[in-house]
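Encoded as structure tokens, the structure appears first; notes follow it.
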Amino acid sequence: MSRPAPGRGGMRAFLAVAVLALPTASCSKEPGRGEVFSSQETSIEAEAGERFSVSVRENPSIGDRWNVHTPQPDPAVVEAVERSYVSDSEEPVPGSGGIRYFTFRAVGPGTTQIVLRNCPRGLCGATEAPAELKKAVVTATYEVTVR
């Protein structure tokens with residue numbers, strides 16, 4: 001069975017899925033992750049020594065891949081502790097997504113930024129990708145203040 005060539009309809013579907021990959025919208029405390037922040041809480045405050053996390057929707061089966069992007073956070077203010085993924089279903093189902101967690105530890109007083117970027121299908125490094133596809137790249141910036 002052959003697949004139809006991707007057209008504008010396929011591109012719209014891909015972009016719609018990319019928009020669903022935007023960071024989640026709630027804040028909570030979770031064991032081992034500390035307070036969990038999302039796109040609605042782009043201003044993060046923490047005490048030195050505390051853990052906190054940033055969560056984003058990710059669907060690796062369609063090529064989503066969130067990473068900490070440049071500029072890197074100031075290591076005197078925060079340090080990366082863990083990167084983990086929790087699927088939406090007990091047994092991962094092709095096409096289903098989940099939540100990517102980036103966990104940090106507040107090191108010392110100061111302010112820094114955490115920049116996350118989703119580069120679906122490797123688009124961030126692609127020099128020949130069509131401009132329409134490059135619109136699927138999503139960046140989320142968090143201002144972090146450690147007291």
Side-chain angles (χ1 to χ4, degrees), residues 3 6 10-147:
R3 289 183 163 184
M11 181 57 58
R12 286 188 187 121
F14 176 78
L15 291 175
V17 170
V19 169
L20 291 175
L22 286 170
T24 58
S26 66
C27 180
S28 63
K29 283 200 178 233
E30 295 185 21
R33 292 191 179 107
E35 195 162 354
V36 179
F37 296 88
S38 68
S39 64
Q40 300 304 311
E41 297 92 20
T42 58
S43 180
I44 298 171
E45 292 187 10
E47 297 291 329
E50 285 183 337
R51 281 187 177 210
F52 65 91
S53 299
V54 176
S55 66
V56 290
R57 293 285 310 160
E58 184 177 274
N59 190 339
S61 71
I62 63 166
D64 279 352
R65 179 131 178 106
W66 283 91
N67 286 296
V68 176
H69 195 63
T70 56
Q72 295 292 311
D74 182 346
V77 179
V78 299
E79 69 177 352
V81 173
E82 181 181 52
R83 176 189 159 128
S84 58
Y85 177 79
V86 177
S87 177
D88 286 341
S89 56
E90 277 187 38
E91 292 186 31
V93 177
S96 69
I99 298 176
R100 172 71 60 194
Y101 293 94
F102 294 90
T103 302
F104 298 88
R105 185 176 70 84
V107 175
T111 302
T112 191
Q113 287 187 337
I114 296 172
V115 179
L116 300 182
R117 179 172 277 179
N118 182 15
C119 296
R121 300 183 186 176
L123 288 175
C124 291
T127 56
E128 298 182 21
E132 189 172 327
L133 274 179
K134 286 188 176 187
K135 291 178 186 175
V137 174
V138 179
T139 301
T141 303
Y142 300 83
E143 297 289 330
V144 181
T145 302
V146 176
R147 299 179 296 270

Would you name the heavy atoms of [X] and [Y] that are closest together and state the gap between them?
X	Y	value
A48	G108	CB-CA, 4.4 Å
Q72	H69	NE2-O, 3.6 Å
S96	S61	O-OG, 3.9 Å
P73	V68	CD-CG1, 4.0 Å
V77	T112	CG1-CG2, 3.8 Å
S55	Y142	O-OH, 4.5 Å

Using the side chain to side chain donor-acceptor pair (under 3.5 Å) criterion, which residues pair with T111? Sequence neighbours excluded. none
Residues two or more places apart in sequence or in another chain: which of them pass side chain to side chain donor-acceptor pair (under 3.5 Å) with T139?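 Per chain and number, T139 pairs via side chain to side chain donor-acceptor pair (under 3.5 Å) with R117.
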Give, for atom CD of E35 and atom CZ of R51, the distance between the pair rounded to the nearest 0.5 Å.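 Output value for this atom pair is 15.0 Å.
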Quick one: pull up OG1 in T42 and CD in Q113 and give me the separation to the nearest 0.5 Å.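 CD of Q113 is found 10.0 Å from OG1 of T42.
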Counting C-beta onward and ignoring hydrogens, is there a side-chain heavy-atom pair between [X] and [Y] closer than 4.5 Å?
X	Y	result
V146	V78	yes
V56	F102	yes
L116	N118	no
N59	D64	yes
C119	N67	no

How would you list, by chain and number, every residue that makes a salt bridge (Lys or Arg N to Asp or Glu O under 4.0 Å) with D74, sequence neighbours excluded? none
Among all residues two or more places apart in sequence or in another chain, which pass the salt bridge (Lys or Arg N to Asp or Glu O under 4.0 Å) test with E79?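 Once residues adjacent in sequence are excluded, the partners of E79 under the salt bridge (Lys or Arg N to Asp or Glu O under 4.0 Å) criterion are R105.
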If the condition is ring-ring contact (aromatic ring centres under 6.0 Å, His included), which residues does F104 pass it with, not counting sequence neighbours? F52
Tell me which pairs pass salt bridge (Lys or Arg N to Asp or Glu O under 4.0 Å) where either residue lies in residues 94-104, with sequence neighbours left out. E58-R100
Of all pairs that satisfy salt bridge (Lys or Arg N to Asp or Glu O under 4.0 Å), the ones with a partner from residues 137-147, not counting sequence neighbours: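 Residue pairs passing salt bridge (Lys or Arg N to Asp or Glu O under 4.0 Å), neighbours aside: E45-R147, E47-R147.
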Residues in side-chain contact (heavy atoms from CB on, under 4.5 Å) contact with R33, at least two apart in sequence or another chain: E30, V36, S53, S84, V86, Y101, T103
